[in-house]
Structures are given as structure tokens and as C-alpha cells.
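So that the names make sense, note that chain A is the first sequence line, chain B the second, and so on, each numbered from 1. The structure presented is a predicted model; accordingly, all values stated were derived computationally and were not measured.
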There are 2 protein chains.
Amino acid sequence: MRSHGAALLGRSKVAPVSRNNAGLSTDRIIVEALRIIDGQGLRRLTMRRLGDAMEVEAMAVYHHFPLGKEQLFEAIAEYVTDVHRARTAEEEADAALGEEDGAGQGGADTGAEDAADERTWDERLRSWAQDYRAALLKHSGALPLLINRRPDTEAAVRSLELQYAAFSEAGLEGQDVVNAAAALESYVTGAVVHEVRAGGLESPHPARLDGRFPTVTGLRHTALDHEQAFTEGLERLLKGLVPGG
Amino acid sequence: MRSHGAALLGRSKVAPVSRNNAGLSTDRIIVEALRIIDGQGLRRLTMRRLGDAMEVEAMAVYHHFPLGKEQLFEAIAEYVTDVHRARTAEEEADAALGEEDGAGQGGADTGAEDAADERTWDERLRSWAQDYRAALLKHSGALPLLINRRPDTEAAVRSLELQYAAFSEAGLEGQDVVNAAAALESYVTGAVVHEVRAGGLESPHPARLDGRFPTVTGLRHTALDHEQAFTEGLERLLKGLVPGG
DNA sequence: ACCTGAACACCGTTCAAGT
DNA sequence: ACCTGAACACCGTTCAAGT
């Protein structure tokens, strides 16, 4: 995002608008690709359309992603799952609004990068889970992309550190810490997949309900509030994962 | 699978091998498509390749899936997530071996279709989860396909009925039943995604570990046994989901 | 260094035609 | 009903060329 803004600034104020140097950058390409994915769906993201969106020849993208579309996909997956970036961007936006608005939300930890997190282990896990869910939901069209190999980025390790540290503080050790973190991440990812799969449809079973499915029929009109169900399930999982739960 | 076998039989024993009626069927097409997906990856599944694999012109597939590739994808997703079919096929294979082998595994419920399940609610949930995980892992290359809209098939409702009935029996009611089922399915799906993402790599963080990540560094050599971690996490989740856990 | 433009092999899908 | 074969618009990627 930073380089995106800088590039735009550089083009409009300093350099003459020549046919080269159209102000591309990996970040800008990713952001533009996500705009297409969010608006039209993953299948409509093509190199040519991506080029068009940036008013550039499609082949220009290959200069920033020499390995082609697969590499672009990987970068998108990393971008989407980078909770820290998403959270920081959000806070900056809030702060910008706050300058007009005057009062913050009583925030004590505003701005301090990598400040010691004084919250309890369970609060840290809760908010990591909520943030990660929000990040995935924000670009749910890119969800199929993050099924490939796990990025070994700093962002990924940062999330893992947070989880390991929290579960350790909760009293777990060794294998239990690793397993608990895997279970938590599995739950959050799966919940987003579940929610996206459910799509917009309210009543999940329009037809097909005969006598063989009495319990489903009985609960047919029990709506599923995804946000509430997620939070509830998260509490249950955490309760099951820690010894004194 | 049934129609696949029947079609092959019909071709080789009854009908003369004409240029039409090449023995296609939706089931055979799906099975062949999955063979390509499992062997070469989802991206290499093209209509032409699929046709080649069945020694048929690519356009023949459109007669069985008039809406094209999207419809084929949907059918593949339904096929893969149909635990009941997968389990039945597996049991038939076991039974076929058992005829030579003599002794079964002391199985009491062999063959009886839709027989009343006498296992306790938690055993039923456990084995559903294990079966579903196995089904997804068997064709993990198709995983991106089941992120789309949820199939409203009989198989899907059957799974839901099993979950709802089990959680009801465990003492949950109304909203809690629905939420618990959502949490369970989220966990299982997410665990498979997590496992596939982890890929083959043993030590998850080759480099990039500096002083900022002490806990990750400390647990660096704690291997993650996916099967064991899944089962462990499943127990923890169930414990958290039911009242008397 | 950064982007263009033409070219190539391949793709999904339509349509008229065969049996 | 079931499949073929040609055709069309579009795609990812390579490569030589421009500035």
C-alpha cells in the first residue's frame, strides 16, 4: 500500500507521463487483482483484464511477477492472510477519521509498533481469531488460493508466535501447544469456508426434507448467525483446548 | 460407480463398438476427472484432456453436463463430499477382500443399509468426522472446488441429520445444536485445509527465525503429526461443545 | 529497468452435422 | 440420444523490440 501511494505520487508530480514506467508495483498489482476478484470473482481475473484495469499492457505484469500467474496467486494469498497488515491499515484509517472526530475509543495501545501486549492470553487468542476471520472474509473470493502451500512469510510466523506464546502462557507444553495452535487455525479457516459456502441463502434446505431427517426438519427455521456462531464456537474450542477450561 | 461399471459391461458384451455411445455417464466423467485432478492437479483438468482420457471428443462431455465446466465442478464437489458413498464403496472393497480373507474385523453392522445406529452420540460424531476428513484428503486436489455454494444434496442433509441428532442426544437444544454442528464441520474442513497447506515440509520454518519469535524457535523441532493432532483437537472441541464435557 | 506488440499453443463453448 | 468436427473468442506465456 505504501509503495502504491508513493508510485502514484511520483507519477503525477515528478515524472513526465511517458509510455514506460506506468507506476506498477507488486503491491499495486495485488490490490488491483483483489479488486477484480472481489468484484467479478476469481475466475474472471486474467492477466489481460488485470492489465486493462491498470491501463497497461497485460505483459507488463510479468516484469513484477516473472513466474507468471502462479506467483501472483501466491502473493495474493500472502497479502490476504497477512492479518497484521490488514489490522494496521484499518487502524490508520480509524486514526485518520479520529483526527476529525476528536475522541478515540479510549485506546491505550495506539500506534506503538510491536509494543508488549499486556492483554491476557485468552484475549490475545480471541482477537487474533476475530482479526484473521475478518481478513479472510474481506476477500473471500480469494479463498481457493490459500489452499496451496503455506507461505513461510514473516506474517505467518508472527501469527504462529502469538498462538504459541499464548497457549504456553495458558499452561500447555510442547506437542500440546503445536496441536492447539493447529486446531485453532483450522477452526477459524474452516468457519470462513463454511460461511462462504452457505452463501446468502437463509433457510438452508428448501426441499428434500422427508421423514428420514426429523431433527433437521425440526430445526429447519433455526437461523444461523455466522458471527455469533463463530464467536460461540471459538469460546467452546478454547475451553476445550486449555487444561483448566 | 455403479453406472460406470454397467456402462462398460454394456459396451464390451452387448453393443457393437460404434462411434457414438462411447459409454459416457456423469459418474464415469466425474471419476475420470478426479483421476486427472489427483494425478496432475486441478489446473490441468481441461475439457480436452478429460475427453482424451476417456478416448472421446472433448465436446461429448457437454452432453452430460450441458452447463459446462462449472456444472462439472459442482458435481465433483458433491461427489467428493459424499461421505456415505465413500464409506459404502470402502466397505464393499473390504467385503470383497474379506471373502478371500475369511475373518472380518468382528464387524456387527456389516451391510445393513440405514440400519439404526446403536453407537453413542459421541462415537457417531467421531466417526463422521474421521470419515469426512478421509474423504476430503483422498481428493485434496479438489478442495478449492468445495468453497463454492454448498450442495443441497441428500448426502449433505444426511450428514446434517447425523450431527443434529447426535448433539440433540448430547443435551443441546435449538440454536446450540445448529452452532455446534457448524463448529464441528468448520473444524474438520479447516483441519484438512491446514494439513494440505502444510504440504510435505517437515520443519515448517527453514529460516526467518530471529529473536522476535522465541516460542516458535523453542518449538521448532516439535513435529506435527496431522492425524494425531486432528484426533486430539476433535476430542477437545467435542469436550467444549457439550455441557457436561 | 520497465513496458509494448506480435506471436504461439491452448482453452471453454457454440453450432451444425452425423448416426 | 449421443457423439463428432470445425469454428470463435479468449487465455497464459515467450520473445524481440522499444525507450
Which whole-number value in Å describes the distance from [X] [atom1] to [N] [atom2]?
X	N	atom1	atom2	result
B:Leu24	D:dT4	CG	C1'	12 Å
A:His63	D:dG18	NE2	P	17 Å
A:Glu57	D:dA17	CD	C1'	14 Å

Q: Look at the side-chain N and O atoms of A:His64 and state whether any lies under 4.0 Å from the OP1 or OP2 oxygen of C:dC3.
A: yes
**Q.** Watson-Crick or G-U wobble mate for C:dC8, both contacts under 3.5 Å
**A.** D:dG12
**Q.** Watson-Crick or G-U wobble partner of D:dA17, both distances under 3.5 Å
**A.** none
Q | SB check B:Glu154 A:Arg212 (cutoff 4.0 Å) | A |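 A:Arg212 and B:Glu154: salt-bridged.
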Q: Before accepting this row, confirm whether a basic side-chain N of the pair B:Arg48/B:Glu57 lies closer than 4.0 Å to the acidic partner's carboxylate O.
A: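 Answer for the salt bridge query: no.
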Q) What's the spacing between B:Tyr62 OH and B:Lys69 NZ if we round to 0.5 Å? A) 8.5 Å
Q.
Between A:Glu161 and B:Thr215, is there a side-chain donor-acceptor contact under 3.5 Å, judged purely by atom types and distance?
A.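 Yes, because at least one side-chain N or O of B:Thr215 sits under 3.5 Å from a partner of the opposite role on A:Glu161.
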Please write out each protein N/O paired with an N/O of nucleotides 10-13 of chain D under 3.5 Å, distance rounded to 0.1 Å.
{"from": "D:dC11", "atom 1": "OP1", "to": "A:Arg49", "atom 2": "NH2", "distance (Å)": "3.0"}
{"from": "D:dG12", "atom 1": "OP1", "to": "A:Lys69", "atom 2": "NZ", "distance (Å)": "2.6"}
{"from": "D:dG12", "atom 1": "OP2", "to": "A:Met47", "atom 2": "N", "distance (Å)": "2.9"}
{"from": "D:dG12", "atom 1": "N7", "to": "A:Arg48", "atom 2": "NH2", "distance (Å)": "2.6"}
{"from": "D:dG12", "atom 1": "O6", "to": "A:Arg48", "atom 2": "NH2", "distance (Å)": "2.6"}
{"from": "D:dT13", "atom 1": "OP2", "to": "A:Tyr62", "atom 2": "OH", "distance (Å)": "2.8"}
{"from": "D:dT13", "atom 1": "OP2", "to": "A:Lys69", "atom 2": "N", "distance (Å)": "3.0"}
{"from": "D:dT13", "atom 1": "O5'", "to": "A:Tyr62", "atom 2": "OH", "distance (Å)": "3.3"}

Q | Whether over 12 other heavy atoms sit under 6.0 Å from B:Arg43 CZ | A | no
**Q.** Ring geometry between B:Tyr187 and B:Phe230 (parallel below 30°, tilted from 30 to 60°, perpendicular above 60°)
**A.** parallel
